[in-house]
Protein chains: 2
Amino acid sequence: MAGKTDIAPDVSINACAYRRVLEIISSKWIVLVMHVLEDGCKWYGEIARRIEGVSQKMLTQTLRQLERDGLVSRRGHPTIPPAVDYALTPLGESLMEVVRGFRDWTRVYYPQVERAREEYDRRMEAGAL
Amino acid sequence: MAGKTDIAPDVSINACAYRRVLEIISSKWIVLVMHVLEDGCKWYGEIARRIEGVSQKMLTQTLRQLERDGLVSRRGHPTIPPAVDYALTPLGESLMEVVRGFRDWTRVYYPQVERAREEYDRRMEAGAL
DNA sequence: CGGTATCCGAACGGATACTG
DNA sequence: CAGTATCCGTTCGGATACCG
C-alpha cells in the first residue's frame, strides 16, 4: 500500500466525457431506434417492424432508456387497445447529428476496415502454421 | 409461413452503416484506448496505467481488435524484456475525429441528460406509490 | 514486460407466458 | 397493442496462473 509508487492513472479518463457517451450509445439498439425515429414520430409497432431482429424485451428496454435520458418522448393514448408513439426530443435530435457523423465515416471508411481485417486474418492464419 | 403477410422489415437497418460502426465503437474500452493514443505512440504499460479499471485481458483484447480493424498499429521490439508500442493509424485518426464529436456533444449536453434522468426517476418513484 | 489460457461469476439478451 | 415477469442459454469480463 504505502510502498506503492503513486503513479496516478489518468483519472480524467475514468470520469471523462467518453465514459458518459458510451453509457448511452454503446447499447446495440439505441442508435438503430434513433435512426428509425429520425424522420418523425412512430408507433411502437412500427418501430418494432422496422428493426429486424429486435425482441420486444430489448425494444421496450431501449425505449425506456432513451426516454429516461430525455432523448425520446413517449405519448400513450388511452384507447382500446392502447397505442403509444415515440419521437425524438430536441436533445435527441442534437445527438442524432453526431451519430450521423459515425454513419458517414462508416460509409467512407468501412471498406478499409474490412480489408484490414482480411489482411490481419490472413497473416494470423499464416503465422499459426 | 405462406400465410404471413409480407410486411418486410426495414432491412436496410440490418445491413446499414450503423450496425457496422457499432461493432467497432460499442466496446467499452475501444474509445478510451483511442483517446490515450490520441497524442502519439504509447507503450503497452503506459496505456494500461492511464486507463483506470482496465484488466490486462480486456486491454490486450481491445488492442487486438483495434489492430485487426486497421485503427492502430503495433510494433514489437525484440529486446529483453520485450517492449511493444501502439499508435493510431491514419484510419484511426480519421475515426478519432468523429469520436471527438461525441465527446463534445457530451460536454455540452450531458447535464441535460442527467437532469432528465433525475426527473424520470422521481416520476417513477412517485408513480410506484 | 507483454502476453496467453483457464476458470468462473455476472450481466446480456432471446423465448415464452401472462396482464391491462 | 404495449407492455411485464420468468426462465435460461450465451457472452462478457475479472482473477489467477503460467509462458517467451
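All values below come from the heavy atoms of this structure, side chains included, with hydrogens, waters and symmetry mates left out. Chain A is the first sequence line, chain B the second, and so forth, proteins listed ahead of strands; every chain is numbered from 1.
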Tell me which donor-acceptor pairs under 3.5 Å the side chains of residues 96-103 of chain B have, and how far apart each pair is, sequence neighbours excluded?
from: B:R100; atom 1: NH1; to: B:E38; atom 2: OE2; distance (Å): 2.2

Indicate every side-chain donor-acceptor pair of residues 82-93 of chain B with a distance under 3.5 Å to a residue at least two apart or in another chain.
from: B:D85; atom 1: OD1; to: B:R75; atom 2: NE; distance (Å): 3.2
from: B:D85; atom 1: OD2; to: B:R75; atom 2: NH2; distance (Å): 3.1
from: B:D85; atom 1: OD2; to: B:H77; atom 2: NE2; distance (Å): 3.2
from: B:Y86; atom 1: OH; to: B:R74; atom 2: NE; distance (Å): 3.4
from: B:T89; atom 1: OG1; to: B:G70; atom 2: O; distance (Å): 2.6
from: B:T89; atom 1: OG1; to: B:L71; atom 2: O; distance (Å): 3.1
from: B:T89; atom 1: OG1; to: B:L91; atom 2: N; distance (Å): 3.4
from: B:T89; atom 1: OG1; to: B:G92; atom 2: N; distance (Å): 3.0

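Fit an axis to the five pairs at each end of the helix from C:dC1-D:dG20 to C:dG20-D:dC1 and the two axes sit 40° apart, to the nearest 10 degrees.
Applying the side chain to side chain contact (heavy atoms under 4.5 Å, CB included) test to A:K28 and every residue at least two apart in sequence or in another chain returns nothing. A:Q56 meets the side-chain hydrogen bond (donor to acceptor under 3.5 Å, both in side chains) test with no other residue; sequence neighbours excluded. Every side chain to side chain contact (heavy atoms under 4.5 Å, CB included) that A:E114 has, sequence neighbours left out, goes to A:Y110. Evaluation of the side-chain hydrogen bond (donor to acceptor under 3.5 Å, both in side chains) rule for A:Y109 yields no partner, not counting sequence neighbours. By the side-chain hydrogen bond (donor to acceptor under 3.5 Å, both in side chains) test, B:S55 is found to be paired with no residue, residues two or more places apart in sequence or in another chain being considered. Residues that satisfy the side-chain hydrogen bond (donor to acceptor under 3.5 Å, both in side chains) test with A:T60, not counting sequence neighbours, are A:Y44. Among residues two or more places apart in sequence or in another chain, the salt bridge (charged side-chain N to carboxylate O under 4.0 Å, His left out) test is passed with A:D121 by B:R68.
Between the P atom of C:dG2 and the CD1 atom of B:I80 lies a distance of 13 Å, rounded to the nearest Å. As a whole-Å value, the separation of B:L59 CG from C:dC1 P is 14 Å. For the pair B:W43 CH2 and C:dG2 P, the interatomic distance rounds to 8 Å; values are reported in whole Å. Rounding to whole angstrom units, CG of residue B:D85 and P of C:dG3 are separated by 11 Å.
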Per-nucleotide protein contact string for nucleotides 4-20 of chain C, where B marks a base within reach and S marks sugar-phosphate only (heavy atoms under 4.0 Å, - for neither): B--B-----BBB----B

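For the contact set between residues 66-77 of chain A and DNA chain D, defined by any heavy atom under 4.0 Å, the members are A:R74.
Using a 4.5 Å heavy-atom threshold, the side chains of B:R19 and A:L32 count as touching.
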